[in-house]
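Read the structure below first, then the notes.
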Amino acid sequence: MHVDDPVRLGETRLGNGRVLGWAEWGPPNGRPVLLSPGAATSRWLGFGWDVLDELGVRLISVDRPGLGVSTPAPGRTFADHAADIKELAERRDLGRPLMVANSQGAPFGFACAVEGVVAALTVTSGSDEIADPVFAPMLPEELRGLVETVKTDPARAEGVFAGFSLQAMWDMVMGGSPKSDLAVYQAPAFADAYRKALEEGFAQGTAGYARDTVLAMGRWPFDLGAITVPVDLWYGEEDASHSPDNGARLATRIPGAVRHVVPGIGGAVLWTRSEEILRTLLSRA
């Protein structure tokens, strides 16, 4: 697999003094598409490297607070995240960008869509709202216990997640992925870029990842039914870790959402169907 390092790296200082780090690929005058990365990963890992120039896409991956080079923001909320992205877009003259949200980045993307910060949203292998009681019977016992801890004692849960390490994340992904995904994740160029993204993601410690995870695994405090921008949901048919039903119920909760289920792949669908995903997103704008 061909993988490109970021073409441009930078940091943007917000009005409250915090910094958001970002990385870019594609033409600098292309259509801005923000990337909300997956769990514990920094701005370093993009996608669609071979087609960005052809499609005229300026891909911009943004570090959430406490990950990569972005300033920590203890106690941050989904609303805080949407406000950060709105201000980043204003300060960088991005207009109302499009967004791709991958894996654990999904609920942060939904928060931006609810607030109208983005003009269209694509979610790939999106983490579902597993704290929804309807999913409880479908969850493994250990995960069900973690969800309950997030609900009853979020501070304790955040401490549990703060004990997670880079190697634990790597092992979890590699040990829990189907062979179709491992063919992507273990390709040398991709593995190097993913490892670099994890190293940067944990560079300031584990607090940023822990806060992300408590937010993602709890009840989401926004109304998906209030989303008025186009939303596409992409899941690999072999994905058994991001949504108990591969986004079927999630799609019914978002007005006009279009769900795509791709055979022969799991959570790596963002990288195996990059062109199709981007072309579909651009068509929604």
Side-chain angles (χ1 to χ4, degrees), residues 3-49 51-53 55-73 76 78 80-113 115 117-124 193-205 207-209 211-212 270-271 274 277-278 281-282 285:
V3 177
D4 286 341
D5 290 347
V7 177
R8 297 171 293 276
L9 293 170
E11 301 173 11
T12 297
R13 188 168 298 278
L14 304 179
N16 59 16
R18 289 188 295 110
V19 162
L20 290 182
W22 47 264
E24 290 190 1
W25 298 259
N29 61 345
R31 180 66 188 262
V33 175
L34 301 181
L35 173 61
S36 179
T41 53
S42 74
R43 58 185 175 171
W44 191 262
L45 182 61
F47 72 97
W49 305 278
V51 298
L52 296 176
D53 286 337
L55 297 179
V57 167
R58 175 187 176 189
L59 181 66
I60 308 164
S61 181
V62 183
D63 288 336
R64 288 187 289 276
L67 283 78
V69 297
S70 290
T71 309
R76 60 189 162 88
F78 282 119
D80 294 333
H81 178 77
D84 280 355
I85 296 300
K86 182 179 180 180
E87 184 176 351
L88 174 73
E90 292 170 348
R91 290 181 178 271
R92 300 206 62 213
D93 296 321
L94 302 178
R96 196 170 172 227
L98 308 177
M99 177 176 276
V100 174
N102 185 56
S103 187
Q104 191 168 276
F108 298 94
F110 287 133
C112 291
E115 296 298 328
V117 173
V118 295
L121 173 67
T122 288
V123 169
T124 60
Y194 179 46
R195 189 86 184 188
K196 170 75 171 178
L198 287 177
E199 289 171 354
E200 283 199 345
F202 283 112
Q204 300 186 69
Y209 161 75
R211 185 61 185 166
D212 273 5
L270 177 61
W271 295 281
S274 298
I277 286 168
L278 284 170
L281 175 60
L282 292 171

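Computed from a predicted model, the values in this text were never measured in an experiment. For reference, positions follow the sequence shown, starting with 1.
His81 NE2 to Glu115 CD: the interatomic distance, rounded to the nearest 0.5 Å, is 11.5 Å. With rounding to the nearest 0.5 Å, the separation of CH2 in Trp44 from NZ in Lys196 is 5.0 Å. Note that the CG atom of Leu52 and the CG atom of Leu278 stand 6.5 Å from one another [nearest 0.5 Å]. Here the CZ atom belonging to Arg91 is positioned 11.0 Å from the CG atom belonging to Asp93, to the nearest 0.5 angstrom.
Nearest heavy-atom pair, Ala106 versus Ala101, reported as atom, atom and distance to 0.1 Å: CA-CB, 3.8 Å. Counting all heavy atoms, side chain and backbone alike, Ser36 lies closest to Gly109 at OG-N, 4.4 Å. When every heavy atom of Leu9 is checked against every heavy atom of Ala23, the shortest pair comes out as CD2-CB, 3.5 Å. For the residue pair Val7 and Gly26, the shortest heavy atom distance occurs at CG2-N, 4.4 Å. Counting all heavy atoms, side chain and backbone alike, Pro65 lies closest to Asp84 at CG-OD2, 3.9 Å. Nearest heavy-atom pair across Ala285 and Leu98 is CB-CD2, 3.9 Å.
No side-chain donor-acceptor contact under 3.5 Å links Ser42 to the backbone of Gly68. Trp49 places a side-chain N or O within 3.5 Å of a backbone atom of Asp4 that can act as its donor or acceptor partner. The closest donor-acceptor contact from the side chain of Arg64 to the backbone of Ser70 lies at 3.5 Å or more, if one exists at all. Distance alone, capped at 3.5 Å, is enough to place a donor-acceptor pair between the Glu87 side chain and the Gly15 backbone. Proximity of a side-chain donor or acceptor of Arg43 to a complementary backbone N or O of Gly21 within less than 3.5 Å is not detected. Between the side chain of Arg31 and the backbone N or O of Leu55, no donor-acceptor pair lies under 3.5 Å.
The ring pair (Phe, Tyr, Trp, His ring centres under 6.0 Å) search around Phe47 returns none, not counting sequence neighbours.
The shortest side-chain heavy-atom distance between Phe110 and Val123 falls under the 4.5 Å cut-off. Here the side chains of Val117 and Met99 are not in contact, with every heavy-atom distance at 4.5 Å or above. For the pair Arg58/Leu94, a side-chain contact is recorded, criterion being any heavy-atom separation below 4.5 Å from C-beta on. In this structure, Arg92 and Ile60 have side chains that are in contact, with non-hydrogen atoms separated by less than 4.5 Å. The closest side-chain heavy-atom distance from Tyr209 to Gln104 is below 4.5 Å. For the pair Asp5/Trp25, no side-chain contact is recorded, criterion being any heavy-atom separation below 4.5 Å from C-beta on. Trp271 places a side-chain heavy atom less than 4.5 Å from the side chain of Leu45.
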Taking it one step at a time, do Phe108 and Asp212 satisfy side chain to side chain contact (heavy atoms under 4.5 Å, CB included)? CA-CA 9 Å; Phe108 298 94; Asp212 273 5; 3.4 Å; yes
In sequence, state the C-alpha distance, the side-chain angles, and the governing distance for Leu35 and Glu24, and then conclude on side chain to side chain contact (heavy atoms under 4.5 Å, CB included). CA-CA 10 Å; Leu35 173 61; Glu24 290 190 1; over 6 Å; no
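Checked options Thr71, Leu20, Val19; the residue passing with Leu14 is Leu20 (criterion: side-chain contact (heavy atoms from CB on, under 4.5 Å)).
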